[in-house]
Protein chains: 2
Amino acid sequence: MRVGELSRRSGVSVASIKYYLREGLLPAGERTGPNQADYGDAHLRRLRMIRALLDVGHLSVVATRDVLAAVDDPEVPLFEALGRASGTTTATPEPADGPDEAWTAAERTLAEHVDAHGWQVSDQNPAWDTAVGVLATYARLGDDDLAGQLDLYMRVMEEVAESEVAAVVDRGDRARTVEGVVVGTVLGDTLLAAVRRLAQQHQSLKLLGETPTHPRG
Amino acid sequence: MRVGELSRRSGVSVASIKYYLREGLLPAGERTGPNQADYGDAHLRRLRMIRALLDVGHLSVVATRDVLAAVDDPEVPLFEALGRASGTTTATPEPADGPDEAWTAAERTLAEHVDAHGWQVSDQNPAWDTAVGVLATYARLGDDDLAGQLDLYMRVMEEVAESEVAAVVDRGDRARTVEGVVVGTVLGDTLLAAVRRLAQQHQSLKLLGETPTHPRG
C-alpha cells in the first residue's frame, strides 16, 4: 500500500509516519518510484506498536527506537535487550561525585535480597541501578521504612514475571513472543501502576475510613 | 537560612530554587528585606521531596505541583488526591471520536474484575481510565492474551497496597503519613517496575535458558 493508505488504516498522520521513517522507528518501504514506496502489513503492525509505546507506555521517541532495535536483533537475549532499552526511561544515576553512603548501603540491601530470593540477574541490567537509586533516595529523605516493602515487592513480582514469561512463550513463534514481551512489559508497567492506585484507594477506604467522593456504579 | 545556604544544604542550585518558587512548587520564605527571604527546615525537606519526584519519580514539573498541592490540602482524601495528581502523568484518554468497541469491552472487563475482587473505587480516579486504556490497547494490537494477567495483577496489588497503607498509617502524624504516601507511591512505581525487570530476567533464565552476559557477583 502507499503511504496515504498506511495513514488511513493506522490512523497515524502522513507527517508522523515520515517522522518515524526519518528517526528509524519504522523501516523504509519498498521503493516503487523516485518519490514512492510500498508498505505492507508488517509496517501497519509496527506503526500500531510505535503508537502504543509512545501514547500508552509513555516512552520517548529515543527509548522507543532503542526498544525496537533490540527487538529486531535476534542476537540479544530478549529480557536483557528489553531491560537495556527500557532502562533509558527509568535509570537513576549514581550521584555525580560517586556513590555516597546511602547508595552503597542501598546496593548492599538489594544484593542481599536478590541472593535471599535466589535470583540470577545481571548487574548490567539498568533496573539494578534504578532499584538502588530509589532505595538510596528513600534513605536520603529519611523514609527508610518504605524500603521495608522491598521483600514483598520481590515476592509478588517473582510470581507476576513467571506468569508473564510463560504467557509470551506460549505464543510459539519468536516474533509474536518478542512483540508480547515489549507490549506486555512497557504497557504492563502502566497497567500495574493503575491497578496499584485502585488498590490503594480500596485499602485506604478499609484502613482509614476514607470515602470516594464519586463511588463507581 | 538564606537562599544560598538552602542551596548548599540541599544540593539544588539557586536558579532551580528560584524556578520552583516561581512555579509554586516551593512556598515562599519569610520576607526579611526587599530582596531577602528566610527559609527553614520545612523548605529543605520540601526541596528534597521535589527533587525526588522530578529526578527519581520522573514526574513533570506540572504533575509535581499538582501532587504537592493535593498533599497540602487537608480536605482532599489522601489516596484520591494522589490518584488525581499522579494521573496527569499516566492517563490514557478515550479515543478522540468517543469510546470504540475495544474501549467499551475493556471497561466492562475492568468493572467485572473490580466487582469480583470486592474493591470500592471511584470512577473519578484517573487510574480507572488508565487501566481501561491499556486493556483497550492490548485488544487493538491483537494482544488480548496479555489482559489475562489482570486478575493476577489485582491480587498482588491488593496485598501490596494493604502493606503500603498500613506502613504509612503507622507513622502516626498526618504530615509524615502524607509524605510517605507521596514518596512511596511515586517512587514505589519506579521501584516496582525495576524489580519486575529483574524478576523477568530471572524467570527468563529459568524458562528460556537465557544467560546473563554479565552475571552479578
Side-chain angles (χ1 to χ4, degrees), chain A residues 48 52 56 77-79 83 90 92 119-125 127 130-131 133-134 137 141 143 145-146 148-149 152-154 156-158 160-167 169 180 183-184 187 189-205 207 210 212 214-216, chain B residues 48 52 56 77-79 83 90 92 119-125 127 130-131 133-134 137 141 143 145-146 148-149 152-154 156-158 160-167 169 180 183-184 187 189-205 207 210 212 214-216:
Chain A
R48 287 199 182 120
V56 186
L78 219 52
F79 286 95
T90 54
T92 314
W119 287 9
Q120 273 206 292
V121 299
S122 160
D123 60 6
Q124 308 277 311
N125 188 329
T130 301
V134 172
T137 303
L141 290 171
D143 293 325
D145 58 338
L146 298 177
Q149 306 295 332
L152 174 59
Y153 287 3
M154 290 183 69
V156 303
M157 284 303 162
E158 187 167 336
V160 164
E162 183 169 26
S163 168
E164 291 173 333
V165 172
V169 168
V183 173
L187 273 62
D189 277 349
T190 304
L191 182 55
L192 276 161
V195 167
R196 181 168 172 246
R197 295 291 187 289
L198 296 174
Q200 286 176 336
Q201 186 168 51
H202 169 66
Q203 296 292 6
S204 73
L205 296 178
L207 285 175
E210 291 190 343
H214 298 272
R216 203 181 60 76
Chain B
R48 287 199 183 119
V56 186
L78 218 54
F79 285 95
T90 54
T92 312
W119 287 8
Q120 271 206 292
V121 298
S122 159
D123 60 6
Q124 307 277 312
N125 187 330
T130 301
V134 172
T137 303
L141 290 171
D143 292 325
D145 58 338
L146 298 178
Q149 306 295 332
L152 174 59
Y153 287 1
M154 290 183 69
V156 302
M157 283 303 162
E158 187 167 337
V160 164
E162 183 169 26
S163 168
E164 290 173 333
V165 173
V169 168
V183 172
L187 274 62
D189 276 349
T190 306
L191 182 55
L192 276 162
V195 167
R196 179 166 172 248
R197 295 291 186 290
L198 296 175
Q200 286 176 336
Q201 187 169 51
H202 169 66
Q203 296 291 7
S204 74
L205 295 178
L207 285 175
E210 290 189 346
H214 298 272
R216 204 181 57 78

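Numbers restart at 1 for each chain; the letters A, B, ... are given by sequence-line order, proteins then strands.
In terms of heavy-atom proximity, A/Ala199 sits nearest to B/Met157 at CB-O, 3.5 Å. Residue B/Arg197 comes nearest to A/Ala127 through the heavy atom pair CB-CB, 3.5 Å, listed as atom of the first residue, atom of the second, then distance. Residues B/Val160 and A/Arg196 share a closest heavy-atom pair of CG1-NE, 4.4 Å. Nearest heavy atoms, A/Asp189 versus B/Ala193: OD1-CB, 3.7 Å.
Each of B/Leu192, B/Val156, B/Val195, B/Leu152 has some count of heavy-atom pairs under 4.5 Å with chain A, and the biggest count is that of B/Leu192. Contact count versus chain B (heavy atoms, under 4.5 Å) is highest, among A/Leu198, A/Val183, A/Leu146, for A/Leu198. Taking chain A as the reference chain and counting heavy-atom pairs below 4.5 Å, the highest number among B/His202, B/Met154, B/Glu158, B/Arg48 is found for B/His202.
Under the side chain to side chain contact (heavy atoms under 4.5 Å, CB included) criterion, B/Ala52 pairs with A/Thr137, A/Leu141, B/Leu187, sequence neighbours left out. Residues passing the side chain to side chain contact (heavy atoms under 4.5 Å, CB included) test with A/Glu162 are B/Gln203, B/Lys206, sequence neighbours excluded.
Interface remark: B/Asp145 contributes side-chain atoms only to the contact with chain A (heavy atom separation under 4.5 Å).
Looking only at atom types and distance, the side chain of A/Gln200 has a donor-acceptor partner in the side chain of B/Glu164 under 3.5 Å away.
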